[in-house]
Every structure is written in C-alpha cells, then in structure tokens.
Enquirer: 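Starting off with a structure, shown below.
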Amino acid sequence: MSTKSNQNNKLDILRHSASHILAAAVLEMFPEAKFGIGPTIEGGFYYDFDLPRTLIPEDLPLLEEKMRAIIKQNFSFERQEIEAKKTQKLFDKAGQPYKVELIRKLSKQETSKQVASKNKKAEKLVTKHLPLVTIYKTGGFVDLCRGPHLDSTGEIKTDAFKLLKIAGAYWRGSEKNKMLQRVYGTAFETKKELDEYFKKLEEAEKRDHRKLGKELDLFSSHDEVGAGIFLWHPKASVIRTVIEDFWRIEHSRRGYQYVFTPHIGKLELWKISGHWNFYRENMYTPMITPEGEYMIKPMNCPFHILIYKTKPRSYKDLPIRYGELGTVYRFERAGTLHGLLRVRSFTQDDAHIFCRQDQLLDEIIGVLDLALFMLNSFGFKEYKIELSTRDPKEKKKYMGDDKVWDKAEKALANALETKKLKYKIMPGEAKFYGPAIDIKLIDALGRGWQGPTIQLDFNLAKNFDVNYIDQKGKPQQAIILHRTVLGCMERFLGCLIEHYAGAFPVWLAPEQVWILSIGSRHEEYAFKVAEKLKSENIRVAVKNENETIGKKIREGELQKIPYLLVVGDKEIAADSVAVRERGKGDLGPMKVDKFIEKILNEIKNKN
Ligand SMILES: [Zn+2]
Ligand SMILES: [Zn+2]
C-alpha cells in the first residue's frame, strides 16, 4: 500500500510495484505471512511482514530469485474497487489482521469526510457509495493499495532491482505494537542505473562522518554522557575555532553585535515565550531548586529579546542585530538521532534581527547575501531554496493579522527575486508564528543538507511586547528575524566532513603541514622549519618517529594532511623542503620561504 499519493513519478511507481512483487515472493516462501505496508522511500522501497521466523541475510537472494520468477511470468497488476466492508471480510478470511486494521482506519476517514461534505450536493453524489477501497491483485498476492502501479510485473527488469537489508520495525511506528520485519529494496529502470546507485552508496559510506570522525580523531560520544551529545576533540575544535573566527569577522563587518547568554533560565521565561506550551516535548524537564524551576534552553531567542528590552529603542536605533554562537539543548526522540546531523546538544550560529517593517526587505537580502557568501567560502556552490508560507485555506491556524503575513511573505519572496535565486514555495510549511526561507546546501555527492534559515516571528514580538518608538513618538511592534547562516556547528561539521571526504581545504585543515625527517640527524632541521611555520600561524607537526619515510608518508596521506614536507641531507644543504601536496603527489624541492608564501596564499584565499 502506498503512503505517498503526490509523488507518483515513474520511478516511484516502478519501486512500489517492486514492493508488491517482494510481498508476493514472501507469500510464496511463507504462506502464513501477514502483511503490513510497503511504500516507496528515498532511494527505494520496503515492505513490512509478520513472519513465522526471523529472516536471515541468506533469505534475500532466495527472495530475489522468487521475484525474478514472478517478473518473468508477467502478471498484470489488476485494480479493483470494492466496498470497504467486503474487503475487510476478504482480508479477515485471508488472515491479514494488519490490512483489516488499515481498512477500518481508511473507512473511518472516509466516513468523516462524508460528514464534512454533508451540505455539498456534488460531493455527496461522489461519496454516496463510499467507503470504497482499492485492491490490487498480482498473481496470487492481493494487496490493499491505492496505486498506481505498472501494468504488469514484466516491466521490471530482472537485473535492475535488489533487496538491500532486513530490519525490525514496529507496526505503525509505535513501540506499543508488535515488531515486524522490514525488508528494504531498490529498483531502477536499468541495471546501469542500479550499478551507479551502488557506486554512489559506496562513496557515501566512505565519506560517512561517523566513520571519518573516528579515523581522523575528530569527535566522540559516550554512553556515560548520553546519546546525541558529542565531545569535540582537539582537531575538530581547531576546525570549529577557524569557522567561528571567520563567522565573527564576517558578522562584525555586517553590523552584528555579539552577546553571550546563559544555558538556563526560569520556567516563567519559557512560559512567556510560548515554548512551554508549544515546544515542551522537545525540552528537557525542569530543574527544581528552592527558588523555583529552571529550564535548560532549547533556543537563544528569549535572552536576546530581554537584552533588546533593557532600554527604550527609537526607530533610529533599528535595525539591531544580536549574534551568538549559542549552545542549545533539545530532547530529540532517540530514533531520530543520527551522528552529528541530529543531536541533542548543539551550537547554533544564531542571530536575531530587530527591525522596522520598512527595513525588512533589506535585512532579508543582507542575511541571504551573508548566508550564500559563507556557504561559498566553505565550498558549497549549489543550493535548494524553499519559501515556507501559510496554507491560504487555513489562515486561522497562524498568529498575526492577514496584512502582516502578506507583507512578510512578499518581503521574503522579493528578497529571493532581487537576488535572482530560484526557490520553491511550500504552502502550509510555515510555522504558526511566521513564514521562513530554508536553504539546503548540495554536497559533492549531490545530497541536500539542511543549512541556513531565515525565520520571521510575530509571536515572540507580541509575547514579549518588543517595541520601538516611531517618528511620531508612538510605540510600534518591532519585527523579529531569527536566522542562522550555517545552521549549527555539529551538523555543519558533519556536512563538511562528508563534502570533503575528510580532506579539508588547507584553511580548515586541523593540521596543515607535517614535517617528516628522514633520519635522526635531520630532526633538528625539521624542528627549525616547524618553528618558522608556527611563527606564521601555520598548523604544523614534526614526525620524527623511528619509522621509514614511506610509512610516515602513508600515515600522512591517511590523515589527509594537505602538505607533507620531507627533510634530509639535500634539503638541509639547500635550506629547502621536499613538498608533497595532498592529491597531487611530489612537487619537488622548494625553498622554505617560498613554501610559506605558497601556503599562506592558499589559506588567505580559502582554496
Ligand atoms: Zn500498491
Ligand atoms: Zn531565535
């Protein structure tokens, strides 16, 4: 059964049809199998089964063989519309309790739709015979499904699909339900595309930031600390410091001021902000003290607002931009945690802009400029931009009046158009408190990563009564913009690791240069060169272990060090170093000063 109705493109239809074929193959292997659901997902499909025994990896090729046989028989996907009651009986008789449950749920939805459209004659005519449900028959396998599918199983090439893995999955995602067995697979139109897909997966695996994080000694997490909370090791901390320094310089240039705010605040604060009502499930529980309850912060905004409110602000004072690399804590569900990409403690490159309505467009353009400049500097040249707006049919769901929303949405769209940026409007995706621009960066493998956001907020400005005095001496509500240009440090590091496969550009590399001494009599010279580089703020280490030069070079390559400088008798005599550049190999001898000039240039230009 398909859970995606709006994404019925060709590949989705092919993959979803393959999931039916998988189910038919499972039915052949286990006639008593009970079936859950089998939707398509990013990169493939799955199907959930309740089986008499646990599947083992060796079952997958057997199932694939059965699937090939079903494909070869070229069964058609026969569609039928039947009354829900009848279908329910049919599945009940076939011993398919999960399908029966789904039909019950479906007919409930249909009945409530009927009630909702009671007064509309036309709709009543259409829904008169409901609840009807669609089933699809493929050979001996019948499934509850709204389709669409291919015409017949033969349209799938026998060499262009693959079963990938087996995993456990609770029925309907709830821990209260039975654990089913989920079989993942994928299918493409041709074998060539399937092969390319696996090549890309392999490349992605090599770049996995969790794997590289260990190999390059960047970060760790510990059961004793808790899931989703990471410790930054010295090398990752160097990268972070470089990023933060760059971030501060670029923000200062653009008129941001820095603030530091605490990690905890009284529960009352989070009641005023609305977080306690609307965001509680993502917050850690209160800390109880003799002086009341305190919360660890999930966001920095209320603190920045309180700083703004410490004195009256005139229209001339605006815009005011407060920036903070602020560490926040959110209780994300255990199942959603994923390496550095989804964590429970993270540092946002946060800022809040307080401005007037007539300044809004310029402020948004300013943030867009900054965000794209930053991403470009880190080597991301492609983006996907989304504009999250109100659902025009459900204006009541959103706070703030109509005119303000219109203006705000227009300002965001205008800014994107002024910058000639392509974007996709996402109606209904706005949060209740304001519309937003979300930018996804595209990495070296073409994958999208959540990056900068620009979020307008009418809610906090109102709850905290954030004002300025206008030209006529009257208080006006200020507009608040929340924004990040990198997202958060943890996710951004994960993204950088995978984008560069751990081979950071020189300006970011935690160790930029290793000096490798050939023998013990070259050590003194190696340290002398190192001192010279250090005095130019180049990050350098001397490798003087009693190992062969070949082994030292290999180790340097494994650690993805941008420059390896070999020093021996010849180099000492010529006051030079033998330079090996990562990815380019041996560049030959170079005077030490010449090398310093070269690397400083690269650091400055962020090559
Ligand atoms: Zn289907
Ligand atoms: Zn904020």
Side-chain angles (χ1 to χ4, degrees), residues 1-5 7-8 12-24 35-41 45-48 75-81 87 99 102-103 106 133-139 141-153 155-156 185 187 256 259 261 265 269-270 272-275 278-279 282 297-308 320-328 330 346-354 367 431 433-434 436 438 452-461 463-464 466 478-485 487-488:
M1 107 144 238
S2 167
T3 54
K4 286 181 177 179
S5 55
Q7 225 183 328
N8 291 323
D12 263 334
I13 292 172
L14 180 99
R15 286 172 176 171
H16 176 62
S17 301
S19 86
H20 277 241
I21 297 172
L22 164 63
F35 298 92
I37 60 168
T40 58
I41 48 170
F45 62 86
Y46 68 76
Y47 213 116
D48 287 345
F75 293 116
S76 55
F77 286 92
E78 287 170 47
R79 183 176 192 275
Q80 253 185 303
E81 271 193 8
T87 323
K99 296 292 176 190
L102 289 172
I103 298 167
L106 271 177
V133 293
T134 42
I135 58 169
Y136 276 87
K137 201 167 160 251
T138 322
F141 176 68
V142 182
D143 203 355
L144 170 74
C145 182
R146 67 165 85 92
H149 298 93
L150 301 171
D151 289 334
S152 65
T153 61
E155 287 176 49
I156 294 179
Y256 285 79
V259 296
T261 65
L269 175 68
W270 305 100
I272 299 170
S273 68
H275 288 94
F278 293 104
Y279 204 68
N282 284 102
K297 67 175 169 183
M299 294 186 194
N300 305 301
C301 344
F303 296 117
H304 294 191
I305 288 171
L306 290 178
I307 296 173
Y308 176 94
I320 288 174
R321 309 180 187 97
Y322 291 147
E324 180 179 15
L325 292 155
T327 305
V328 297
R330 296 182 189 170
F346 55 98
T347 302
Q348 291 181 300
D349 69 310
D350 206 2
H352 294 93
I353 299 174
F354 303 84
V367 176
K431 306 251 165 59
Y433 53 83
D438 290 299
T453 60
I454 308 172
Q455 173 87 57
L456 269 146
D457 194 325
F458 310 132
N459 176 49
L460 282 180
N463 290 357
F464 281 97
V466 179
I479 293 181
I480 300 179
L481 269 172
H482 311 254
R483 43 110 291 173
T484 62
V485 296
C488 77

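Both ligands and their constituent atoms are indexed starting at 1 by order of listing.
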Enquirer: Quick check, are the ring centers of F141 and F35 under 6.0 angstrom apart?
Expert: yes
Enquirer: Counting only protein atoms, how many N/O/S atoms are less than 2.8 Å away from the Zn ion (ligand 2)?
Expert: 3
Enquirer: Does the side chain of D143 come under 3.5 Å of the side chain of Y47 through a donor N or O and an acceptor N or O?
Expert: yes
Enquirer: Applying the ring-ring contact (aromatic ring centres under 6.0 Å, His included) test to Y308, which of F354, F303, F464, Y322 qualifies?
Expert: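 The residue from F354, F303, F464, Y322 that satisfies ring-ring contact (aromatic ring centres under 6.0 Å, His included) with Y308 turns out to be F354.
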Enquirer: Does a side-chain heavy-atom distance below 4.5 Å link H16 with C145?
Expert: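 Yes, their side chains come closer than 4.5 Å.
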Enquirer: Given atoms SG of C145 and NE2 of H16, what angle do they subtend at the Zn ion (ligand 1), to the nearest 10 degrees?
Expert: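 The two atoms form an angle at the metal of about 100°.
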Enquirer: Less than 4.5 Å apart, any side-chain heavy atom of L456 and any of L481?
Expert: yes
Enquirer: Are any non-hydrogen side-chain atoms of D12 and F45 less than 4.5 angstrom apart?
Expert: no
